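Working notes, beginning with the structure itself.
Here the structure is a predicted model, which is why all the values come from computation and not from measurement. To find a chain, count down the sequence lines: A is the first, B the second, and so on, and within it residues start at 1.
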Amino acid sequence: MLKKNVVENTLLAALGTGADFAEIYMEETKRNTLSVVNGKVESAQSGLDYGVGIRLFFGNKAIYGFTNDTSEKNLIRIAREAAAAARGERVYPLQGWRKMNFSCRNSIRIMPDEVEKRKKAEKLFLASQAAKNYSPLITQTRANCLDVVQNVFIANSEGLWAEEERVRSRFNVEAIASSATEKQSGHLGPGGSVGFELYEQIDVEERAREAARIAVTMLGAKSCPAGRMPVVIDNGFGGVIFHEACGHSLEATAVARNASVFCGKMGQQIASSVVTAIDDGTIPNGWGSSAMDDEGTPTQRNVLIENGILRSYLVDKLNGRRMDAKATGSSRRESYRFAPTSRMTNTFIDNGKSTPTEIMGNTEFGLYAKQMGGGSVDPATGSFNFAVLEGYMIRDGKIAEPVRGATLIGKGMEVLQKIDMVGNNLARAQGMCGSISGSIPTDVGQPMIRVKEITVGGRG
Amino acid sequence: MEKKAFQKQIINEALKQGFTDCEVFYLGGESFEILLMEGEVSNYENSSEAGVSFRGTYEGRTGYAFSERLEEESIGFLIEAAKENALLMSDEEREDLFGGEKYPEFHGYYPELEQVCVEKRIQLAKRMEEAALNGAENIASLDYCVLGIGKREVAITNSLGLDISYTKNFASGYVSAIARNGEETKKGSAFWKGRDWEDFNPEETGRKAARRGAALLGAGTVDSGTYTAVLDGKAMTSLLASFSGIFFAENVQKGFSLLKDRLGEKIAASCVTLRDDALLVGGYASVPFDSEGASGKNKAVIENGCLKTLLYNRKSAKKDGVASTGNGFKAGLTAPVKTACTNFYIQKDEKTLEELFGQMGNGLYITDFMGLHAGTNAVSGDFSLSAEGFLVENGSVTRPVEQITVSGNFYSLLLDISAVGEDLYFAASGKGSPSVLTEKIAVAGK
């Protein structure tokens with residue numbers, strides 16, 4: 001994307017300030033989004049993100065700048081301006097180029113930017129109709145699709161020269177059910193590092209009916225009772241519990257600043273022994289997968305927790321320097337507007353030995369969180385908060401009445417220790433994760449799990 | 001390419017290619033930020049960015065496209081993509097471009113803010129860091145200590161002759177301190193945002209963060225039940241921000257708000273007046289015009305409890321047969337024009353915090369809500385959020401409180417407010433509220 005001499009001159013200008021590491025990240029990203037509300041196209045947008053980020057390290061100090069003016073003159077200016085904040089003692093050399101050949105791990109059959117938008121709109125009309133037809137209680141529907149073709153180029157002073165094309169597609173459907181006084185919604189959003197073939201892999205009408213089913217079920221639900229109780233969390237998006245409550249605290253972003261509850265716990269038992277958790281950026285066509293991370297390190301499968309024992313953090317180059325640890329292929333960013341840092345890719349609790357029937361049968365009373373909503377966590381304190389989108393009470397080992405408005409609150413460390421059963425039905429689901437390097441696609445996942453006791457907020 | 005020439009060239013080309021009218025929205029920005037860690041600059045960022053968003057009418061329908069590549073090569077892409085997008089839209093959703101009106105005088109750009117040298121800025125950040133570390137006992141470390149300057153430029157040019165622009169800038173400092181006692185960890189934060197470095201007192205900001213964090217140490221839960229509560233300005237602002245969409249006419253028209261046909265009715269307690277003021281002097285979200293070129297206005301959304309107006313962009317205003325309230329904003333280049341607030345705040349009253357506590361007697365003083373993006377239902381108004389704060393007994397704070405979930409409904413909350421404080425707080429977004437006393441919130445604790 002950039003000429004070799006422009007890259008070399010920019011990196012040399014950066015090294016000239018005394019930086020011991022310099023990096024250029026460039027991207028050109030085509031985006032298409034289409035949104036249908038109540039069966040009508042509400043918005044159709046296309047665009048081009050285009051820009052360069054330049055990063056310099058002076059020991060453990062990082063300097064970052066970005067611009068959309070990719071002229072050589074401007075790039076060199078940005079590289080030199082860094083000297084206002086830092087200056088190294090000697091000039092490090094630029095290493096010879098090592099071209100990385102990132103063969104496309106996620107094979108794409110139908111490039112989404114070559115598909116007519118009308119065809120995409122047809123899928124959304126089908127979904128809207130299916131949701132609406134599910135029940136007369138469905139009063140509103142929203143369906144949207146997005147596709148992204150991101151071309152990334154990374155070069156650094158260690159000689160790395162790497163390029164990758166990343167393609168992602170996602171479909172979202174939301175249905176709202178209304179009574180005279182209430183509204184409840186259900187939504188699903190499957191996607192992956194795939195092209196338009198996504199729509200051959202999923203049945204949009206079936207997903208739409210499922211979203212409608214959740215909304216209608218929750219409309220009839222009573223408020224969830226509050227208190228401490230056992231909670232069974234279903235597979236798939238239920239994995240957001242691990243993502244929020246533990247995943248963020250395992251990111252070097254928090255660990256290197258000594259702001260994580262998991263600092264200094266490597267090799268120690270931090271979870272119940274039935275818990276094994278993995279972050280894997282290499283899963284073929286995974287929503288959070290890529291061949292390399294956003295600083296050019298190949299992605300890998302990282303075992304974070306093995307039978308309850310902490311085995312690895314998620315580490316990027318800069319925090320790796322601060323922690324004296326090796327990068328784990330986990331450095332990610334939303335775009336050139338963000339300096340990359342350690343983030344999750346596809347993160348999940350691995351399969352255990354229990355069957356869902358056993359887990360349910362062993363729970364006399366509690367909450368069954370069938371669909372989780374989003375959540376957030378403070379990595380410094382480990383406190384988290386999740387919404388339960390679709391919940392039921394469990395009575396005598398059986399799923400009983402639906403309940404709405406439940407939230408799960410607690411601390412990551414405690415919950416990890418309190419997971420006492422892990423199922424064998426691992427599934428992943430897609431989400432967007434927001435943190436300091438922007439909003440990035442990540443998969444969450446888990447089999448059905450049971451937490452012995454957790455604080456449930458509700459109004460019943 | 002030079003901005004103005006580029007905007008004009010796109011418009012000329014689009015008109016040639018069959019667009020009957022069109023507009024180019026330019027958004028540019030510069031930002032500077034330093035992040036301190038243990039007395040050292042650990043991250044430094046200096047950036048500039050620019051992009052254009054194109055919209056225009058093609059075969060009677062509105063199409064959009066954007067590009068961050070401000071070079072001649074992009075023009076063909078913008079026009080072709082906007083055409084394809086236009087053909088998907090129905091003609092009812094067509095957006096009328098606007099030729100302009102009279103605009104208020106706007107003073108938002110302070111060049112002297114950017115003239116303070118980098119060394120001086122680093123010094124200010126270090127003073128804030130030190131004050132936070134020493135501001136209270138038990139401060140173990142800092143979570144963040146950031147100082148920045150941001151500049152933003154908006155320019156709209158269209159084929160109806162509109163040609164307007166403004167530039168605004170702000171400096172800001174933010175610090176978040178971690179207080180620790182044994183295994184217990186708490187956080188407190190504070191920020192400053194302004195137009196004059198002379199107004200920035202880094203010691204005060206640092207100390208405030210430290211004290212807030214330390215005050216929460218020793219927190220425990222409370223019994224589950226129904227409580228009376230004072231929500232402090234920051235906590236109330238975060239709720240108000242989460243539910244601001246219920247006041248947008250476009251949500252009301254589409255059924256995503258329960259305020260349909262409620263205009264003129266009492267939807268809040270009489271002590272509640274809610275304003276959206278684009279012209280507030282020094283306001284963080286002040287602008288002379290919105291993204292559609294509609295002039296900024298100061299309006300009461302709720303006045304003494306009565307719903308006075310919804311917030312309109314040009315499209316939703318046309319549907320209701322009223323004028324735009326100047327709330328048609330793009331949330332960035334990629335977004336179409338939607339509705340957004342400007343300085344959106346509950347007007348202050350006369351009660352001090354102590355008087356609110358006195359009136360409450362026994363109850364909770366909530367200082368922070370967490371998990372707002374997950375624990376709120378923007379359609380029904382339901383919320384269920386983990387919260388922290390303090391227990392108030394006989395009108396005085398007795399101990400900090402954590403691990404509680406506060407549940408309620410925003411529509412009911414507005415009606416349940418029984419008193420409003422004098423301590424108006426503004427978040428960096430321009431949304432704000434004083435402390436409010438509210439009856440009946442459901443709390444899950446132990």
State whether the number of non-hydrogen atoms from other residues, nucleotides or ligands found under 6.0 Å of [X] atom [atom1] is greater than 12.
{"X": "E114(B)", "atom1": "CD", "value": "yes"}
{"X": "K254(B)", "atom1": "NZ", "value": "yes"}
{"X": "E183(B)", "atom1": "CD", "value": "no"}
{"X": "K446(B)", "atom1": "NZ", "value": "yes"}

Measure distances from [X] to the heavy atoms of chain B and classify the residue's part below 4.5 Å as side chain, backbone, both or neither.
{"X": "T455(A)", "value": "side chain"}
{"X": "L318(A)", "value": "side chain"}
{"X": "I436(A)", "value": "side chain"}
{"X": "V456(A)", "value": "backbone"}
{"X": "K30(A)", "value": "side chain"}
{"X": "Q140(A)", "value": "side chain"}
{"X": "L34(A)", "value": "side chain"}

Using side-chain heavy atoms (C-beta onward) and a distance below 4.5 Å, is [X] in contact with [Y]?
{"X": "Y44(B)", "Y": "K61(A)", "result": "no"}
{"X": "N385(A)", "Y": "F369(B)", "result": "no"}
{"X": "K183(A)", "Y": "L258(B)", "result": "yes"}
{"X": "E45(B)", "Y": "F66(A)", "result": "yes"}
{"X": "N85(B)", "Y": "S46(A)", "result": "yes"}
{"X": "Q184(A)", "Y": "N377(B)", "result": "yes"}

Measure across [X] and [Y] and return the closest heavy-atom pair with its distance rounded to 0.1 Å.
{"X": "R69(B)", "Y": "L48(A)", "result": "CB-CD2, 4.2 Å"}
{"X": "A226(A)", "Y": "A444(B)", "result": "CB-CB, 3.5 Å"}
{"X": "N68(A)", "Y": "A50(B)", "result": "OD1-N, 2.6 Å"}

Looking only at heavy atoms and a cut-off of under 4.5 Å, which of [options] has the most pairs with chain A?
{"options": "N46(B), V118(B), T62(B)", "answer": "N46(B)"}
{"options": "S53(B), S31(B), A65(B), S380(B)", "answer": "A65(B)"}
{"options": "G51(B), S67(B), A442(B)", "answer": "S67(B)"}
{"options": "L333(B), T334(B), T221(B)", "answer": "T334(B)"}
{"options": "S407(B), S90(B), C117(B), G445(B)", "answer": "S407(B)"}

Leading residue by heavy atom contact count with chain B [cutoff under 4.5 Å; candidates [options]]:
{"options": "R322(A), M372(A), E116(A)", "answer": "R322(A)"}
{"options": "G457(A), A62(A), G65(A)", "answer": "A62(A)"}
{"options": "E182(A), K40(A), E42(A)", "answer": "E42(A)"}
{"options": "R118(A), R142(A), K411(A)", "answer": "R142(A)"}

Given heavy-atom pairs under 4.5 angstrom as the criterion, report whether the side chain, backbone, both or neither of [X] touches chain A.
{"X": "E33(B)", "result": "neither"}
{"X": "E92(B)", "result": "side chain"}
{"X": "F77(B)", "result": "side chain"}
{"X": "S224(B)", "result": "neither"}
{"X": "E40(B)", "result": "side chain"}
{"X": "L78(B)", "result": "neither"}
{"X": "E402(B)", "result": "side chain"}
{"X": "R180(B)", "result": "side chain"}
{"X": "D382(B)", "result": "side chain"}
{"X": "A335(B)", "result": "backbone"}

E84(B) side chain to K117(A) backbone, donor-acceptor under 3.5 Å: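 Checked: pair present.
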
Mind checking the [atom1]-[atom2] spacing from [X] to [Y]? Nearest 0.5 Å is all I need.
{"X": "M37(B)", "Y": "N60(A)", "atom1": "CE", "atom2": "CG", "value": "7.5 Å"}
{"X": "R257(A)", "Y": "L35(B)", "atom1": "CZ", "atom2": "CG", "value": "8.0 Å"}
{"X": "S43(A)", "Y": "K338(B)", "atom1": "OG", "atom2": "NZ", "value": "5.5 Å"}
{"X": "E68(B)", "Y": "T67(A)", "atom1": "CD", "atom2": "OG1", "value": "10.5 Å"}
{"X": "L88(B)", "Y": "L124(A)", "atom1": "CG", "atom2": "CG", "value": "10.0 Å"}
{"X": "I54(A)", "Y": "S47(B)", "atom1": "CD1", "atom2": "OG", "value": "10.0 Å"}

Cation-pi, F66(B) ring and R31(A) (6.0 angstrom, 45 degrees):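 Relative to the ring axis of F66(B), which defines the angle, R31(A) lies outside at least one limit.
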
